[in-house]
There are 2 protein chains.
Amino acid sequence: MSLLLEQPVTSADKTFFQLRKDIVDGVILAGSKLSETELSTKYAVSRAVIREAINRLESNHLVERKAHVGARVVALTPEGLAELYQVRESLEGMAARLAAINMTDEEILDLNTLLNSHFQTVKTGETYYQEAGDVDFHYRIILGSKNNHLISILMNGIYHLIRMYRVQLGMVGPRVTTAFDEHRHIAQAISNRDAELAEMLMRRHILYTKNNLLTKLVTESF
Amino acid sequence: MSLLLEQPVTSADKTFFQLRKDIVDGVILAGSKLSETELSTKYAVSRAVIREAINRLESNHLVERKAHVGARVVALTPEGLAELYQVRESLEGMAARLAAINMTDEEILDLNTLLNSHFQTVKTGETYYQEAGDVDFHYRIILGSKNNHLISILMNGIYHLIRMYRVQLGMVGPRVTTAFDEHRHIAQAISNRDAELAEMLMRRHILYTKNNLLTKLVTESF
DNA sequence: TAAGCCAATATTGTCGACAAAACACTCAAT
DNA sequence: ATTGAGTGTTTTGTCGACAATATTGGCTTA
């Protein structure tokens, strides 16, 4: 049922996925240094593999490298969040618009089916599936745009950083059910092939999410 | 005078810049295979350096890698160009809007000064400086957005691929002076701090450029 | 005591060699 | 003649060691 089952084939792939997961989940703290030798012993691979993984993490905007100095996990800041979501709003708004045009009837049907199944889990209040479900919904629309560059920029470029903010800040309270309603309206616009409305609703949805996360980030004073 | 003087500090840096230049300029043909051993002898560096360079080229969307198979320079196709410019239109439109808000008065002054100097070279018809000048103009606006994620996605993410299409297809004929006029109008909107107009003009400017390049790509039947 | 230089140490950058996988070619069988 | 298996070759993936650079700490000197 879940999308995007990227299979690791090489040792560098596995290490990259593992490192990425640990960073997104906060197991490796935001802002901390990534020592190549330390990681190579910890993950039981050579430094060459670690270096390749770190390079890929850099293109995912999750770490920053400086020559002869090393790599650091990015810090989570209000400014960074604001800039990230400004870009996300533009790109995913575009994705929603294109999805309303380019998704097949079957894909739209699947999207609505997914929403119905999410409705069940939202009622029970299982936060873990909320996170996964939200990502799944957005992924389908992104893929539905059928624009490979857009897909690459979002999925390989910035989405893991978005998830990092979401996972480490959380999304709780009334926002959960509100967001679900917004998803329904977006899906409705796409079902009606109303591209302009789909873009507008998606942009507003992301704007709300940004404000929700920004509030948490500021009040928790990271 | 020129912007973005990224200095190579390591051997991998130099190799990366050289390879990127050769690909953008067409010295290494679009669609061709990149053999690691071959490149390592040609550029007189170890395979590790070549591999690092290729990894970076991949995050620049200039090459595609497959595990255990190798890397290939991307192909220039009408579909790829259309998708790329669809994304570019959205992102640079956003950049122009933000630039109208965030550029300092001094930066706007420099932008107008740059345009005046371009006006001289356009009259003489020096195509080389046209290309460089156009890139310079767009770079200033992108940097003027002051959004680091947007800057990174455009400059490190897709702009070299955009340049690759431009360089290998060329931009000639009446389009040259027309594009210059469009630049002037965009600069005017930014000078007036009219964000909405700046975005609209930039989007249309990029749309025109796309159509111009698409025509060339189709008629030349690459 | 503070500032600056120098040496010792630790970390990143680069290299060549070996392992594993994909590719190409031959040869046999239908 | 074509397809298939099998072998030999080439290419990519991984590793450990060495080189070059940055950091740390101590020492000297004002």
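Throughout, a chain's letter reflects where its sequence line sits, starting with A, and its residues are numbered from 1. Quick caveat: nothing in here was measured; it's all calculated off a predicted structure.
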Distance in angstrom units between E58(B) CD and dT12(D) C1', rounded: 14 Å
Whole-Å gap separating P (dT10(D)) and CZ (R47(B)): 15 Å
T10(A) side-chain N/O to dT12(D) phosphate OP1/OP2 under 4.0 Å: no
Nearest to side-chain heavy atoms of V49(B), which nucleotide of dT12(D), dT12(C), dT14(C): dT14(C)
dT12(C) OP1/OP2 closer than 4.0 Å to side-chain N/O of K33(A): yes
Check: I142(B) main-chain N/O paired with S145(B) side-chain donor or acceptor under 3.5 Å: yes
Separation of dT11(C) C1' from L39(A) CG (nearest whole Å): 13 Å
Short side-chain N/O contact to dG13(D) OP1/OP2 from R51(A), under 4.0 Å: no
Phosphate contact (dT10(D) OP1 or OP2) by T37(B) side-chain N/O below 4.0 Å: no
Of the listed nucleotides dG13(C), dC23(C), dC15(C), the one nearest the side chain of V69(B): dC23(C)
Atom-pair distance (CG on D13(B); P on dT12(C)), nearest Å: 16 Å
Distance-minimising heavy-atom pair for H61(B) and L161(B): O-CD2, 3.7 Å
side-chain N/O R65(A) vs dG13(C) OP1/OP2, d < 4.0 Å: yes
Contact nearer the 5' end of DNA chain D, comparing H68(A) with S46(A): S46(A)
Sugar-phosphate only, base, or nothing, as touched by I54(B) at under 4.0 Å among non-hydrogen atoms: nothing
Distance-only side-chain donor-acceptor flag, H118(A) / D134(A), under 3.5 Å: no
Rounded distance (Å) that lies between atom P of dT11(C) and atom CG of L34(A): 13 Å
Residue pair M164(A), V73(A): steps toward the side chain to side chain contact (heavy atoms under 4.5 Å, CB included) verdict: CA-CA 11 Å; M164(A) 184 174 168; V73(A) 180; 3.9 Å; yes
Between P of dA20(C) and CD of E36(B), the distance in whole Å: 18 Å
Distance test, side-chain N/O of K66(B) to OP1/OP2 of dT11(D), below 4.0 Å: no
Parallel, tilted or perpendicular: rings of F137(B) and H183(B) (30°, 60°): parallel
Atom-pair distance (OH on Y43(A); P on dC15(D)), nearest Å: 15 Å
Spacing of E52(B) atom CD relative to dT12(D) atom P, expressed in whole Å: 17 Å
